[in-house]
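To keep things clear, I will list the structure first and then write my remarks on it.
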Number of protein chains: 2
Amino acid sequence: MKDSDFIKVFAPATVANVCCGFDVLGFALDQPGDEVWVRQKESPGVTISAIEGICGLSTDPAENVVGIVAQKMLRELDVPFGVELQLHKGMPVGSGLGSSAASSAAAAFAVNELMGRPFTTQELVPFAMEGERLASGSAHADNVAPSLLGGFVLVRSYDPLDVIPLGVPLELYCTVVHPQVELKTSLARSILKKDIPLQKGIRQWGNLAGLMAGLLKADYSLVSRSLHDEIFEPERAFLIPLFRQAKEAALEAGALGAGISGSGPSIFALSATATQARQVEQAIQQVYANSGIDLNTYVTQVPEQGARLVSQPTLHAQK
Amino acid sequence: MKDSDFIKVFAPATVANVCCGFDVLGFALDQPGDEVWVRQKESPGVTISAIEGICGLSTDPAENVVGIVAQKMLRELDVPFGVELQLHKGMPVGSGLGSSAASSAAAAFAVNELMGRPFTTQELVPFAMEGERLASGSAHADNVAPSLLGGFVLVRSYDPLDVIPLGVPLELYCTVVHPQVELKTSLARSILKKDIPLQKGIRQWGNLAGLMAGLLKADYSLVSRSLHDEIFEPERAFLIPLFRQAKEAALEAGALGAGISGSGPSIFALSATATQARQVEQAIQQVYANSGIDLNTYVTQVPEQGARLVSQPTLHAQK
């Protein structure tokens with residue numbers, strides 16, 4: 001069998017938390033992202049036949065997010081065959097850009113395509129969340145939902161799960177800078193206090209409400225005024241070398257706002273134009289120029305679409 | 001001089017906090033509200049020549065919110081004459097419906113009319129806030145801003161002040177029930193904890209973001225799913241007799257959501273139609289039927305307009 005037998009799906013990296021939107025707001029990038037390839041196999045169950053672009057990930061389907069997601073979907077659909085998966089990592093792990101989420105989202109989208117789309121894309125979110133449960137110990141949705149659905153997505157509630165694609169009528173460009181330092185999500189979470197001061201909470205949700213209004217009313221100035229994190233960024237900033245300087249440089253270069261992507265170490269900045277976003281990229285690169293820290297940088301539009309079909313099996317490969 | 005010499009302005013009652021929107025979100029009602037009448041006088045300074053509809057309010061302009069607001073505006077405008085004010089209270093005090101805010105907003109709007117509108121309505125917010133500072137000790141804006149501007153208004157930030165009229169494209173009706181029990185705002189505030197659990201905070205701002213999206217995307221279901229208060233309502237509910245029963249009755253009668261108006265004791269419920277809002281009113285009235293507690297009830301649309309001119313001086317009274 002050849003590559004051309006596979007359904008190939010791409011799912012993008014995502015920025016979660018988004019300053020004042022801790023744990024509830026995320027948005028998709030156009031790139032980077034992961035591909036999951038899937039094809040039917042006669043024996044039941046899930047196998048992972050290849051993992052490319054990264055070392056050290058398990059091909060045991062119970063130990064890999066793409067396997068977990070596919071297993072969950074097969075159980076739900078109760079089909080008499082199995083699936084073979086390949087994972088093609090196109091983005092760094094541990095970057096704060098939703099690496100496991102992109103893999104999980106791509107797996108859910110790919111298996112759904114193979115099965116003839118029994119689920120809407122939104123219905124795939126809970127399956128992809130199972131990958132997040134394996135990867136981080138909690139089935140959060142603020143990366144997988146935008147990776148699947150594109151654009152900005154609100155996770156209003158987990159119980160019951162209420163995922164709301166926002167359909168933001170505003171062109172936004174994102175600069176992402178990934179300083180290649182190790183930062184465990186578990187550490188970034190463990191330093192957070194269990195209680196927050198009421199006054200900070202009020203300022204935080206005032207800003208989140210402002211951000212929502214700015215996004216939905218297409219008001220760049222209001223988006224910019226609202227992109228603050230009063231609570232978590234001050235606690236986490238020290239984990240990311242040169243974070244404060246990088247953020248300041250981004251704002252000086254004209255970004256609408258900037259913050260920590262997910263739990264870091266990546267830094268994101270939003271801009272109104274592609275040109276601005278490139279200038280922001282350069283400004284942050286200069287901050288790290290003599291630091292000895294390597295960077296991955298990405299400049300992409302916030303796309304309307306998330307996970308997508310890259311290619312279907314070619315005709316000669318189909319029965 | 002006669003009544004017809006006065007510029008007469010009405011400013012409406014308001015619902016602040018709005019479940020998950022504690023301290024940042026408020027909306028206007030169509031009624032009840034207060035009127036402030038104003039006319040020029042030759043001597044400088046502010047006098048309050050009459051207060052109707054309520055007993056016990058001071059006519060000393062330094063001790064009455066309408067006087068404070070007018071004084072502040074006169075100082076800012078530096079005019080060589082003074083103003084005479086009358087306050088006609090059309091709503092209960094201490095109800096949680098922004099009584100002092102309605103007076104303050106009406107005073108600011110009226111003096112602005114008298115002066116030939118040197119300020120936009122939005123620019124009147126800081127003046128009206130001075131009335132709130134006198135009334136409650138803190139210059140909050142979440143009642144005066146919707147009373148002046150109408151509709152739903154977000155107070156994103158106080159430093160700097162950032163007041164955002166939301167322009168909600170959704171027809172909403174409000175049922176307000178005011179159980180006539182005394183409840184001091186200072187008590188309602190003093191029982192709040194200074195810290196909030198992070199997990200409750202996340203649910204609260206998830207709901208607020210959902211409410212913003214529901215209002216701005218004209219999604220009744222999302223508005224309804226988001227109208228929860230995880231933090232303050234549970235702490236304050238015991239202050240309002242039969243609150244839980246009243247809320248439950250409102251929801252059973254078809255309200256989208258219900259909660260404490262401001263810091264109480266009034267209860268508000270939002271509905272999609274006037275008919276529904278009337279049914280909600282009846283359902284809550286039944287809860288209190290044999291309680292011995294008197295009620296004021298109001299059913300109004302959430303209006304696009306807030307403070308407004310009721311009448312100008314008639315021609316014969318003008319020079």
Side-chain angles (χ1 to χ4, degrees), chain A residues 17-18 20-25 140-142 152-169 189 192-219 221-228 230-232 235, chain B residues 17-18 20-25 140-142 152-169 189 192-219 221-228 230-232 235:
Chain A
N17 291 348
V18 197
C20 43
F22 185 82
D23 261 14
V24 303
L25 190 63
H140 59 280
D142 50 345
F152 281 81
V153 179
L154 172 69
V155 184
R156 183 192 65 80
S157 153
Y158 280 90
D159 185 22
L161 183 66
D162 194 0
V163 166
I164 299 143
L166 292 178
V168 169
R189 285 205 84 94
L192 297 180
K193 300 188 177 76
K194 288 210 171 72
D195 293 303
I196 56 181
L198 174 56
Q199 288 310 315
K200 281 191 185 181
I202 292 167
R203 289 200 296 274
Q204 189 89 342
W205 63 61
N207 279 320
L208 179 56
L211 179 58
M212 296 294 291
L215 291 172
L216 292 172
K217 291 165 74 77
D219 180 339
S221 166
L222 180 52
V223 167
S224 181
R225 302 199 303 277
S226 305
L227 279 171
H228 301 292
E230 301 262 348
I231 299 173
F232 309 102
E235 293 177 6
Chain B
N17 291 348
V18 197
C20 44
F22 185 82
D23 262 13
V24 302
L25 190 63
H140 58 279
D142 51 343
F152 281 81
V153 179
L154 172 69
V155 183
R156 183 193 64 80
S157 154
Y158 281 90
D159 185 22
L161 183 67
D162 194 2
V163 166
I164 299 143
L166 293 177
V168 169
R189 285 205 83 93
L192 297 181
K193 301 187 178 77
K194 287 211 173 68
D195 293 302
I196 55 180
L198 175 57
Q199 288 309 315
K200 281 191 183 180
I202 292 167
R203 290 201 295 275
Q204 189 88 342
W205 63 62
N207 279 321
L208 178 56
L211 179 57
M212 295 294 292
L215 291 173
L216 293 173
K217 291 165 74 78
D219 181 338
S221 166
L222 179 52
V223 167
S224 181
R225 302 200 302 276
S226 304
L227 279 170
H228 300 292
E230 301 261 347
I231 299 173
F232 309 102
E235 292 177 5

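If you're wondering where the values come from, they're calculated on a predicted model, not measured in any experiment.
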Report which part of Ile196(B) has an atom under 4.5 Å of a heavy atom belonging to chain A: side chain, backbone, both, or neither.
both
Which region of Lys194(A), side chain (C-beta onward) or backbone (N, CA, C, O), has a non-hydrogen atom less than 4.5 Å from a non-hydrogen atom of chain B, or is it both or neither?
backbone
In short, Ala213(B) meets Leu166(A) closest at the heavy-atom pair CB-CD2, 3.9 Å
May I ask you to name which of Val155(A), Leu215(A), Leu222(A), Ile231(A) has the most heavy-atom pairs under 4.5 Å with chain B?
Leu222(A)
Which portion of Ile164(A) sits near chain B, non-hydrogen atoms under 4.5 angstrom:
side chain
Within this structure, what is the CG-CD distance for the pair Leu208(A) and Gln204(B), rounded to the nearest 0.5 Å?
11.5 Å
For chain B, find which of Gly201(A), Ala209(A), Gly210(A) contributes the most heavy-atom pairs closer than 4.5 angstrom.
Ala209(A)
Whether the side chain of Trp205(A) engages the backbone of Asp23(B) through a donor-acceptor N/O pair (distance < 3.5 Å, no angle test) should be reported.
no
Using heavy-atom distances under 4.5 Å, tell me whether Asn207(A) contacts chain B through its side chain, its backbone, both, or neither.
both
Region of Lys193(B) that comes under 4.5 Å of a non-hydrogen atom in chain A
backbone
For Arg225(B), does its backbone N or O pair with a side-chain atom of Arg156(A) as donor and acceptor, under 3.5 Å?
yes
What part of Ser226(B) lies closer than 4.5 angstrom to a heavy atom of chain A: side chain, backbone, both or neither?
both
Side chain, backbone, both or neither: which part of Phe152(B) has a non-hydrogen atom closer than 4.5 Å to chain A?
neither
Leu211(B) versus chain A, the contacting section by heavy-atom distance below 4.5 Å:
neither
Where does Ile202(B) contact chain A at under 4.5 Å (heavy atoms): side chain, backbone, both or neither?
both
Is Leu216(B) close to chain A through its backbone or its side chain, or both, or neither, when contacts mean heavy atoms under 4.5 Å?
side chain
